K.L.:
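What follows is a structure written as structure tokens; I'll ask about it next.
Sequence lines set the chain letters: A, B, ... in the order given, protein chains first and strands last, and positions in each chain run from 1. Predicted model only: the values in this text are computed from it and were never measured.
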Amino acid sequence: MSKETGRTLKGGEPKQLPIYPHKNKLVQAVRHNPFLIVTGETGSGKTTQLPQYLYQAGYCKDGKVGVTQPRRVAAITVAQRVAQEMKCTLGREVGYQVRFDDCTSQDTVVKYMTDGCLLREVLADPSLSQYSVVILDEVHERSLNTDILLGLLKNVFCNSAGATKGRSFPLKVVVMSATLETDKLSAFFNDCPVFEIPGRVFPVTCTFGSAVGPKDVESSFYVKEVVKVALDVHTSEQAGDILVFLTGQSEIEHACDLLFDKAENIDYRYDVLDRTVEGILILPLYGSMPTDQQRQIFQPPPPGIRKCVVATNIAATSLTINGIKYIVDSGFVKQLNHNSRVGMDVLEVVPISKSEAQQRAGRAGRTSAGKCFRIYTKEFWEKCMPEYTVPEIQRTSLTAVILTLKCLGVHDVIRFPYLDCPEERFILEALKQLYQFDAIDRRGKVTKLGELMVEFPLHPGLTRALLKAASLGCEDLLLPVAAMLSVENIFFRPGHPDKQKEAAKKHRALAATTGSMNDFATLLSVFNSCKSSDRPSAWCKENWIHWRALKSAFSVETQLREILLRLQQRRDFPVETFDGNKSELFRRCLCAGYFTNVARRSVGKVFCTMDGHGSMVHIHPSSSLFEQEAEVNWVIFHDVLVTSKMFIRTACPIRYEWVKDLLPKLHEVDVYELSSVARQEVTEDEMVKWESREAAKRQQEGSAEDALKKLEKRNNEATVSDARARYLQRKQQRQQSKAL
DNA sequence: GAGCACTGC
């Protein structure tokens, strides 16, 4: 790379990028429209060039040009690249901001950031008065934060009384996306113009398989199939690396084992078509893999060796591997879906969408023409795969997002301009939870507590527990726990069965040191033990803990502590006192945030949730409660995982008395009231009527415990969750196919 | 007696 000119950059000189001929027209389009949509595939140069064009056109005189990305690495690397092109020091005129890393200064006029960072900025300054242009990039990915920003930015213009005040000059909004659903985006922004830039990608030819049809959803079946196809590609195609898409760690390790076994028997003198290929290098790739192992993926293979990477969806957007010429697509992905019927999140394997399949195929055409082998049939494509992936906002718990909107003064959260509306019951469920946490009142207004809660980048329940602890002066118990629960899983699970046993043994020993069969206490103990250790990374290795995850828990804890310290300066920060032992204090704080996640022993080893859904759940075997559960009748838990059963993980025993007064709150809100609250149409009259109706209901139901018993009885008779039903259906299919 | 995709503040 030539330092004098800064021109010979990876990916081509700026003047040779497809966007360059459109420079003047683009700047004009921004000048004449409050909203503009710019589409173009990867490689058009829109992310790096447009902000520079706007800078040259004088858009940085009154304010900044802000560009959002859904991911941290993207924000950082693009900023580095643009700083280089503009020949300035990163952090001066061109900078970036992501969580834990603010590389901007007074001079920064072109700012790259994650969409979450911009959302936090909106919270502090709703009119975005520092910006002259806001560019939302990668909008087609439809991240939760991007979708919220879309609605907020639309509001800036449509509510003249709203956020436009406080601005001395108009804000420009540019939305950048791959060529998908651009009509919908344009319609959303009052039929604004769409600017199309041709991309610069190579053609990828796709073929369908003959084996995996609509009924072949069993993992071991499609794993075998991708292995077969990958070996076929290896022996019969020209040189070039292979990328295989599967859904998770265990599948990937299984596939790699199979590939390795079969590849050993290939005779490269006769069996391989392209004689320059003399071997295959098989590499797994998934998010929880140690970073140094991940790094191997990016190294070019030795001469004559073909690289075959077997990866999760992480290789679809987050990581780009050079030299990939062939894709083998299983057609499945593991996705976290929120099920509002049972009020919990479900991790399940589902078919990918057609647009996601095209995205996967595109990974073969980055440097030359490529081929994509889909193992599923055309019928599977047509019958099982939706056109587009359901956007995150429609399949995720909205509790935190709704609180954010409320704090931004968006009271009517149902009629907020969503590009795709979440189901009303998702919104109502979020409102109900916020009401239960005392974050909003019966009129839907944010409470003082809610204003404190929105400051924390955490799930509201966890924030509630943390604030309770802070008011009791024992935040040191909850800060580490909140941090540990908001980073990726810290317990390392190795691939080999022997090692798995060893790891499980160590993890059980860690739990035993607390002597309390409380999984939250185990997290606290791991955090503190590691932090006070002389060699923390060695300590992690020894105890089969993910050092990377724990390190990020350390930074999260620091950040949470800073936020808390700032809020405790406020005069109205709540203060309470408590007499009792430490273990009870700890668990009482947890109850304040997790009383929506209470379960009671029902029959034998089965527990029944007390959240109004009454789902039947099991203690996960990784929990310290698993073996001693006979002594325990009431528990609170952090989350539910639906696999072979509905499992609750990270749990601890509690006393009924601690939640007795909170539980009725779970049942006192009805949907009628909630939808009125959502629209803020509740009149005093309606409120009085509602109150008396509720009072009558309470009288009828008798004590809280009676009501719960009734609820439990009803649930024992009926409810089976959607996810459970799907699982049973799948199991049945599997048994049928085995019988045949 | 089971087994957890990927982001982000």
Side-chain angles (χ1 to χ4, degrees), chain A residues 68-75 97-102 113-124 138 141-149 219 245-254 285-289 311-319 330 332-337 345-350 352 356 389 392 395-396 400-401 403-404 454-459 463 483 486-495 497 500-501 503-504 507-508 546 549 552 555-556 559-560 563 605 618-623 626-627 629 638-650:
Chain A
T68 70
Q69 296 289 323
R71 279 172 296 280
R72 289 186 207 169
V73 252
Q97 188 186 353
V98 299
R99 191 183 191 183
F100 307 129
D101 192 2
D102 183 356
M113 65 201 123
T114 49
D115 47 14
C117 271
L118 186 64
L119 196 56
R120 285 277 145 187
E121 275 190 47
V122 180
L123 215 45
E138 312 282 6
E141 287 190 25
R142 303 298 303 278
S143 88
L144 181 59
N145 289 334
T146 298
D147 268 21
I148 295 298
L149 284 169
S219 167
F245 281 104
L246 282 172
T247 73
Q249 176 179 354
S250 62
E251 245 175 49
I252 286 169
E253 264 151 14
H254 185 206
L285 173 64
Y286 44 85
S288 64
M289 221 164 70
T312 59
N313 238 19
I314 195 172
T317 46
S318 307
L319 298 176
S330 68
F332 290 97
V333 70
K334 207 170 270 176
Q335 203 173 56
L336 189 70
N337 292 320
D345 292 338
V346 181
L347 190 64
E348 50 190 350
V349 173
V350 294
I352 56 172
E356 210 173 342
T389 307
E392 201 182 351
R395 52 182 172 82
T396 205
V401 161
L403 181 61
T404 308
V454 81
E455 298 289 326
F456 291 90
L458 288 175
H459 179 270
T463 313
S486 56
V487 301
E488 54 195 314
N489 181 20
I490 58 142
F491 295 103
F492 181 61
R493 205 180 102 87
Q500 274 171 23
K501 276 184 195 154
H507 294 161
R508 271 199 298 276
H546 276 294
S552 58
S555 345
V556 174
Q559 189 191 28
L560 296 177
I563 296 170
K605 290 196 156 198
H618 300 252
I619 305 271
H620 194 273
S622 66
S623 167
F626 184 73
E627 278 167 41
E629 66 180 289
H638 173 67
D639 66 350
V640 183
L641 180 74
V642 182
T643 48
S644 59
K645 286 177 188 148
M646 285 179 120
F647 289 106
I648 55 178
R649 300 181 302 174
T650 319

K.L.:
Looking only at side-chain atoms of A:Ser250, point me to the closest of B:dG1, B:dC4, B:dC9.
P.N.:
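Output: B:dC4.
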
K.L.:
Can you tell which of B:dA5, B:dA2, B:dC4 lies closest to the side chain of A:Leu336?
P.N.:
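Closest nucleotide to the A:Leu336 side chain: B:dA5.
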
K.L.:
Does A:Arg72 make a side-chain N or O approach to OP1 or OP2 of B:dC9 shorter than 4.0 Å?
P.N.:
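True: A:Arg72 side-chain N/O within range (under 4.0 Å) of B:dC9 OP1/OP2.
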
K.L.:
For A:Phe647, answer base if it contacts any base atom (sugar-phosphate contacts may also be present), sugar-phosphate if it contacts only those atoms, and nothing otherwise; contact means non-hydrogen atoms under 4.0 Å.
P.N.:
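Sugar-phosphate only.
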
K.L.:
Between A:Gln500 and A:Glu488, who's closer to the 5' end of DNA chain B by nearest nucleotide?
P.N.:
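Result: A:Gln500.
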
K.L.:
Checking all strands, does A:Asn313 fall into the base, sugar-phosphate, or nothing category for heavy-atom contacts under 4.0 angstrom?
P.N.:
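Since no nucleic acid heavy atom lies under 4.0 Å of A:Asn313, the category is nothing.
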
K.L.:
Pick base, sugar-phosphate or nothing for A:Arg71, based on heavy-atom distances below 4.0 Å to the nucleic acid.
P.N.:
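Sugar-phosphate: the residue A:Arg71, judged by heavy atoms under 4.0 Å, touches backbone atoms but no base.
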
K.L.:
Contact class for A:Ser143 (heavy atom, under 4.0 Å): base, sugar-phosphate, or nothing?
P.N.:
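Answer is nothing: A:Ser143 stays at 4.0 Å or more from every strand.
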
K.L.:
Could you please name the option among B:dC6, B:dA2, B:dG1 that lies closest to any side-chain atom of A:Tyr286?
P.N.:
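Output: B:dC6.
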
K.L.:
Taking the side chain of A:Ile314 as heavy atoms from C-beta outward, which of B:dC9, B:dC6, B:dC4 is closest to it?
P.N.:
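Of all the options, the side chain of A:Ile314 is nearest to B:dC6.
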
K.L.:
Quickly, which of A:Ile148, A:Leu123, A:Asn145 forms a side-chain contact (heavy atoms from CB on, under 4.5 Å) with A:Thr404? Name it, please.
P.N.:
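Single pass found, and it is A:Leu123.
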
K.L.:
Taking the side chain of A:His620 as heavy atoms from C-beta outward, which of B:dA5, B:dC6, B:dA2 is closest to it?
P.N.:
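Nearest listed nucleotide: B:dA2.
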
K.L.:
Measuring to OP1 and OP2 of B:dC9, would you say a side-chain N or O of A:Thr114 lies under 4.0 angstrom away?
P.N.:
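Checking B:dC9 against A:Thr114, a side-chain N or O does come within under 4.0 Å of OP1 or OP2.
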
K.L.:
Of the listed nucleotides (B:dA5, B:dT7, B:dC9), which one gets closest to any side-chain atom of A:Glu392?
P.N.:
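Comparing B:dA5, B:dT7, B:dC9 against the side chain of A:Glu392, the answer is B:dT7.
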
K.L.:
Please determine if A:Glu251 and A:Lys334 form a salt bridge, counting it only when a charged side-chain N lies under 4.0 Å from a carboxylate O.
P.N.:
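Here A:Glu251 does not pair with A:Lys334 in a salt bridge, since their nearest N and O are not under 4.0 Å apart.
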
K.L.:
Quick one: salt bridge (Lys or Arg N to Asp or Glu O under 4.0 Å) partners of A:Asp115, sequence neighbours excluded?
P.N.:
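If we apply the salt bridge (Lys or Arg N to Asp or Glu O under 4.0 Å) test to A:Asp115, skipping adjacent residues, there are no hits.
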
K.L.:
When you measure from the side chain of A:Gln249, which nucleotide among B:dC9, B:dG1, B:dA5 comes out closest?
P.N.:
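Closest of the options to the side chain of A:Gln249: B:dA5.
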
K.L.:
Quick one: side chain to side chain donor-acceptor pair (under 3.5 Å) partners of A:Gln249, sequence neighbours excluded?
P.N.:
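Partners of A:Gln249 under the side chain to side chain donor-acceptor pair (under 3.5 Å) test: none.
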
K.L.:
From C-beta outward on A:Ser318, which listed nucleotide comes closest to its side chain: B:dC6, B:dA5, B:dG1?
P.N.:
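Ranking B:dC6, B:dA5, B:dG1 by closest atom to the A:Ser318 side chain puts B:dC6 first.
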
K.L.:
Counting heavy atoms from C-beta on, name the nucleotide in B:dC9, B:dC4, B:dA5 closest to the side chain of A:Thr312.
P.N.:
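Looking only at side-chain atoms, A:Thr312 lies closest to B:dA5.
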
